[in-house]
Amino acid sequence: MYRGREGQWAWVLHRLSGLAILAYLLVHVISISLFMFGERAYMALHTTYELPIFSLGLIAVTAGVVYHSLNGLRIIVMDFTGMGVLYQRQMFWAVLGLTLLATAYTAFVVISRLLGGHA
Amino acid sequence: MIRARTFTDARQQAHSNAELNWWIFMRISGLILVFLVLGHIYMTFIQVSEADATYIAVVNKLQQPAWKFYDWTILALSLLHGVNGARYSIEDYVRTRPNRAWVKTIFYTISAVIFTLGTIGLFSI
């Protein structure tokens, strides 16, 4: 199930998304922690986050987290229920579909806000 | 590499009790983090925008004990979950024993420093 076809793709994507989320989390904690050094230090970095590229980047982070969450649930179903392994392939496509939907919704909300002139 | 398909497989494959406990921890913490992290993303990125996370907004939010607890739970659980996940990758792809030791030492140190930074930050307000 972890070798070949959908099962292996799910596994590779789970690893990649997991490592990417961890990298983001570490940087996110550092940048939020800047508020300890006062308003100027914090805002110096955070005003650059208002550039559209960072909002688009956060759409990618959201996509990664949604995929990792849903595929994590798929793994839990496979591990703890008898039928899970039988349907892992179908569940993988469901995970991909739902991830796409959630990402499209996020992108729609964020991009229309950007086009409205609000970072 | 973790190839266990079921709880029984995991128990048979685990070299130690610790390894089995981590396997269980990944599933339980993952289940909790689904709600915590997706909720966090929804509330701070989709409902409001990045530009709304001003200094005043962050400080006001973190002054409330409930949000402090929420954020610290995410910090602690997701770092444990993420660092253990990265450990699986390091054990799979860093081939020689001395390299593995170095990579792990540096990686754990950085993670511990960032966890401390985040915790001090949260409780300094």
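Keep in mind that what you see is a predicted model, and the values were worked out from it rather than measured. In what follows, chains are A, B, ... by sequence order, proteins preceding strands, each numbered from 1.
Nearest heavy atoms, A:Asp79 versus B:Trp23: OD2-CZ2, 3.3 Å. Residues B:Gln47 and A:Arg113 come closest through the heavy atom pair O-NH1, 4.0 Å. Nearest approach of A:Met36 to B:Gly121, heavy atoms of both residues: SD-CA, 3.4 Å.
In this structure, B:Tyr42 OH and A:Thr62 OG1 are separated by 12.5 Å, a value rounded to the nearest 0.5 Å. B:Leu117 CG to A:Ile30 CD1: the interatomic distance, rounded to the nearest 0.5 Å, is 7.0 Å. Considering CG of B:Asp71 and CD1 of A:Ile32, their distance stands at 8.5 Å, rounded to 0.5 Å. For the atom pair A:Phe35 CZ and B:Leu62 CG, the distance stands at 5.0 Å (nearest 0.5 Å). Expressed to the nearest 0.5 Å, how far CG of A:Leu25 lies from NE2 of B:His81 amounts to 11.0 Å.
Interface remark: B:Phe115 contributes no atoms to any contact with chain A (heavy atom separation under 4.5 Å). Both the backbone and the side chain of B:Leu79 come within less than 4.5 Å of a heavy atom of chain A. For a residue to count as touching a neighbouring chain, one of its non-hydrogen atoms must lie under 4.5 Å from one of that chain's; by this rule B:Ile74 does not touch chain A. Only the side chain of A:Tyr105 comes within less than 4.5 Å of a heavy atom of chain B; its backbone N, CA, C and O stay farther away. With a threshold of 4.5 angstrom between heavy atoms, B:Ile46 approaches chain A through its backbone and through its side chain. Contact annotation for A:His68: only side-chain heavy atoms (C-beta onward) come within less than 4.5 Å of a heavy atom of chain B. Within the 4.5 angstrom heavy-atom criterion, atoms from both the backbone and the side chain of B:Ser78 approach chain A.
Under the 4.5 Å side-chain heavy-atom criterion for Ile, Leu, Val, Met, Phe, Trp and Tyr, A:Leu96 and A:Leu100 are members of distinct hydrophobic clusters. No continuous path of ILVMFWY side-chain contacts below 4.5 Å connects B:Trp102 to B:Val94, so the two sit in separate hydrophobic clusters. Both A:Leu13 and A:Trp93 are assigned to one and the same hydrophobic cluster, defined by single-linkage of ILVMFWY side chains at heavy-atom distances under 4.5 Å. Linking Ile, Leu, Val, Met, Phe, Trp and Tyr whenever their side-chain heavy atoms come within less than 4.5 Å puts A:Leu56 and A:Val65 in one cluster. Residues B:Val34 and B:Met43 fall within the same hydrophobic cluster, defined by Ile, Leu, Val, Met, Phe, Trp and Tyr side chains chained together at heavy-atom separations under 4.5 Å.
Per-residue counts of heavy-atom pairs under 4.5 Å with chain B were compared for A:His28, A:Met43, A:His46; the largest is that of A:Met43. Ranking A:Ile76, A:Leu58, A:Val29 against chain B, the residue ahead of the rest is A:Leu58, based on heavy-atom pairs under 4.5 Å. Ranked by non-hydrogen atom pairs under 4.5 Å with chain A, the options B:Gly85, B:Ala53, B:Ser111 are led by B:Ala53.
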*Should B:Val59 and A:Glu39 be marked as a side-chain contact (heavy atoms from CB on, under 4.5 Å) after you check the CA-CA gap, both sets of side-chain angles, and the distance that decides it?*
CA-CA 10 Å; B:Val59 170; A:Glu39 183 159 7; over 6 Å; no
*With side-chain contact (heavy atoms from CB on, under 4.5 Å) as the test, would you mind laying out the steps for A:Val61 and B:Phe45 before giving the verdict?*
CA-CA 11 Å; A:Val61 173; B:Phe45 173 56; over 6 Å; no
*Please lay out, stage by stage, how B:Val37 and A:Ser69 fare under the test side-chain contact (heavy atoms from CB on, under 4.5 Å).*
CA-CA 9 Å; B:Val37 176; A:Ser69 303; 6.0 Å; no
*For the pair A:Leu73 and B:Leu31, evaluate side-chain contact (heavy atoms from CB on, under 4.5 Å) and give the outcome as yes or no after the intermediate values.*
CA-CA 7 Å; A:Leu73 295 178; B:Leu31 201 53; 3.5 Å; yes
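More than 12 heavy-atom neighbours from other residues, nucleotides or ligands sit within 6.0 angstrom of CZ on A:Phe80. For OH of B:Tyr108, the number of neighbouring non-hydrogen atoms (other residues, nucleotides, ligands) closer than 6.0 Å is greater than 12. Other residues, nucleotides and ligands contribute at most 12 non-hydrogen atoms within 6.0 Å of the CD1 atom of A:Ile53. With a 6.0 Å radius and a threshold of 12 heavy atoms from other residues, nucleotides or ligands, B:Phe35 has its CZ atom at or below the threshold. Heavy-atom neighbours of A:Tyr87 OH from other residues, nucleotides or ligands within 6.0 Å: at or below the threshold of 12.
Only one option out of A:Leu16, A:Leu22, A:Leu19 pairs with B:Ser89 in a side-chain contact (heavy atoms from CB on, under 4.5 Å); it is A:Leu19.
Checking side-chain atoms of B:Arg27 against main-chain N and O of A:Ile75 turns up no donor-acceptor pair under 3.5 Å.
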